[in-house]
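Protein chains get the first letters and strands the later ones, always in sequence-line order, with residue 1 at the start of each. As a basis for the values below, the full set of heavy atoms in this structure was taken, side chains included, without hydrogen atoms, waters or symmetry mates.
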2 protein chains.
Amino acid sequence: MARLAGVSRATVSYVLNKATAVRISEPTRRRVHAAAKELGYVPHAAARSLRAGHSRVVLMPAPGFPAGPLYHRFLGDLQLALGRLDYTVVQYGSMGVDGDEAARAWAELRPVAVLVPGPGLGPQGVTVLKRSGARAVVTLGPRPVEGAHALLMDFEAVGHRAGSHLAERGRRRVGVVVPEEEGLAAFSAPRLAGVRRALHGTGAAVTELPLAYDEESAARLAARWPGLGLDAVFAYNDEYAMLLMRALQDAGVRIPADTAVIGADDLMLGRLLRPRLSTVHIDLPSGRELAELVDRAVRSPGTAPGTHEVLGARVVPRDSS
Amino acid sequence: MARLAGVSRATVSYVLNKATAVRISEPTRRRVHAAAKELGYVPHAAARSLRAGHSRVVLMPAPGFPAGPLYHRFLGDLQLALGRLDYTVVQYGSMGVDGDEAARAWAELRPVAVLVPGPGLGPQGVTVLKRSGARAVVTLGPRPVEGAHALLMDFEAVGHRAGSHLAERGRRRVGVVVPEEEGLAAFSAPRLAGVRRALHGTGAAVTELPLAYDEESAARLAARWPGLGLDAVFAYNDEYAMLLMRALQDAGVRIPADTAVIGADDLMLGRLLRPRLSTVHIDLPSGRELAELVDRAVRSPGTAPGTHEVLGARVVPRDSS
DNA sequence: TTGAAAGCGCTACCAG
DNA sequence: CTGGTAGCGCTTTCAA
């Protein structure tokens, strides 16, 4: 490349990186740019970061659980915000392998920061990543992990809000939907626990309701409904809530008269049902905030990792409860 | 690393890559493995692919348009399948930049293959990628691109199926929802065209209906409904269909008596509405198939890029039409 | 069976 | 102002 522009490789590097320390003559500059354009020259990221000793890659393993629209919007924001700070966000598909084992694969890319959604990463994995040069490891999940910054998504609070709401409405026999789908346990368990805590000491009873995300499973559950004797149900999220609510209505259960239903996530679609679905609205941290946290952590890696409570949860009462 | 195991770097390389060409004594082997574990040694992917001259990275730019659950399932499959073939799938967040410009950024990573969802990549971009060493460039979109393998997602056919279905049902004044959201035009335009083609010569009229994905916009459209005089509507996809159908029902329009509604994508949620939503089911290619296509293309890069028709579309009539 | 050394593409220092 | 050059971590050929 340099040869064809008639200059040395160093000069090329200077020109393309707009190095300020050295001044390159305008004609040379032009020749370099022209040659680059003509050859379709593109710098080699691997070589660059090898030389530099660090990269600007922020690695985000793709979540191993079925993620909803909420998560995808958040992800988009985050990518945009990190992009503005000149990081390159890379989503790495490492499905099927568990965290600490996967961490090794992630470390091969020598990312400057790693954002791990969900549980699954242990202290071991954090160590591997840090040793490989990651200047920030951030977990987004229900529990903090030794050595990593934690964005604590307190799903227990989501359940707690839902439980309190139902109790306030005078409901005493509360069902809690627990998805049967793989990988959702880490999210459903705290929600269930939250409901239990909210109802503890009120004399209300909590019943666990396993449910797969298909009509048949919902119909089966609805058929058992009279025997269950429940006057309320917290349905994990809006999608399960919509599924269950429909099945209940088809089985002749009146909502909210016989049974109150509340979901979570505040999806637009829940507003379209009749009755309109009550829900727990969840405020994820904004992509911008997370991006800034990452940036701070990268710039001053000495700082002790902090734990931030980042989930706002509030009930949006509508007509189904 | 090598020093601490008491052997040379070459030996380390042999052991960790299980090189078959040379035989390493068992004790040495063990020493290397032990040292690697103790130091938490992880090979440096950049250095490796720099030396090798190529990588096993399959790059997939994150789509610049709001992607639905359909796409995310497909993506998961694909990652799994490519992972099995020992490729590393990397999703690159390059939102906001247009294809040919972004291609340059993608090329910096020297991926062995690039899968580009949606339109936006032109022949220029393909050239850049190929010159940078990509052995396969595959587009997943409405039109083929010069020089790239194309998986042709024929959304025109989706519209055509919907249009034919409505015509068969005797509908003559058909509305077609066109989302106002950014980036969806490339998908909605062919669907609209498909409806037009299906209805051409039947004497039926087609009306374009811009709609944003929120309740207010839907309510405004529903309020104009009587004046529009439509007896059917194809609502771009199930989500817009659900939104519009609810607004129409609230405005007193009977479905399907006054107006038939059909969506697309066959989301489970559509089945939960009353009346149950008719839809056009779309068969995406399986992740496994795409993975194999990529693998073939990588292994024999001489082959002329092919164009494959990969979208099965069929009407699933339910109660809303 | 192991070690020494070259070189992948790039940047940063230092000499011209 | 520009060019030569060392060296990032790794693999691979050649020699010992």
Is the number of heavy atoms from other residues, nucleotides or ligands under 6.0 Å of [X] [atom1] greater than 12?
X        : atom1 : value
A/Glu108 : CD    : yes
B/Arg143 : CZ    : no
B/Glu38  : CD    : no

**Fill in**
Judged by nearest nucleotide, the residue sitting upstream toward the 5' end of DNA chain D, A/Thr28 or B/Pro43, is A/Thr28

Whole angstroms only, please: what is the [atom1]-[atom2] distance between [X] and [N]?
X        : N      : atom1 : atom2 : answer
A/Leu109 : D/dG9  : CG    : P     : 16 Å
B/His54  : D/dC10 : NE2   : P     : 17 Å
A/His44  : C/dG7  : NE2   : P     : 18 Å
B/Glu108 : C/dT11 : CD    : P     : 10 Å
B/Leu50  : C/dT11 : CG    : P     : 12 Å

**5' priority, DNA chain C, between B/Arg51 and A/Arg51 [closest heavy atom]** = B/Arg51

**Request:** Using the six-membered ring wherever Trp is involved, compare the ring planes of A/Phe187 and A/Phe155 and label them parallel, tilted or perpendicular (cut-offs 30° and 60°).
**Result:** perpendicular

**C/dT11 phosphate, OP1 or OP2, under 4.0 Å from A/Arg48 side-chain N/O** = yes

**Prompt:** Taking only N and O in the side chain of A/Thr11, is any of them less than 4.0 Å away from OP1 or OP2 of D/dT2?
**Reply:** no

**Message:** With a 3.5 Å cut-off and heavy atoms only, can you find an N or O donor on one side and an acceptor on the other between the side chain of A/Tyr14 and the base of C/dC13?
**Reply:** yes

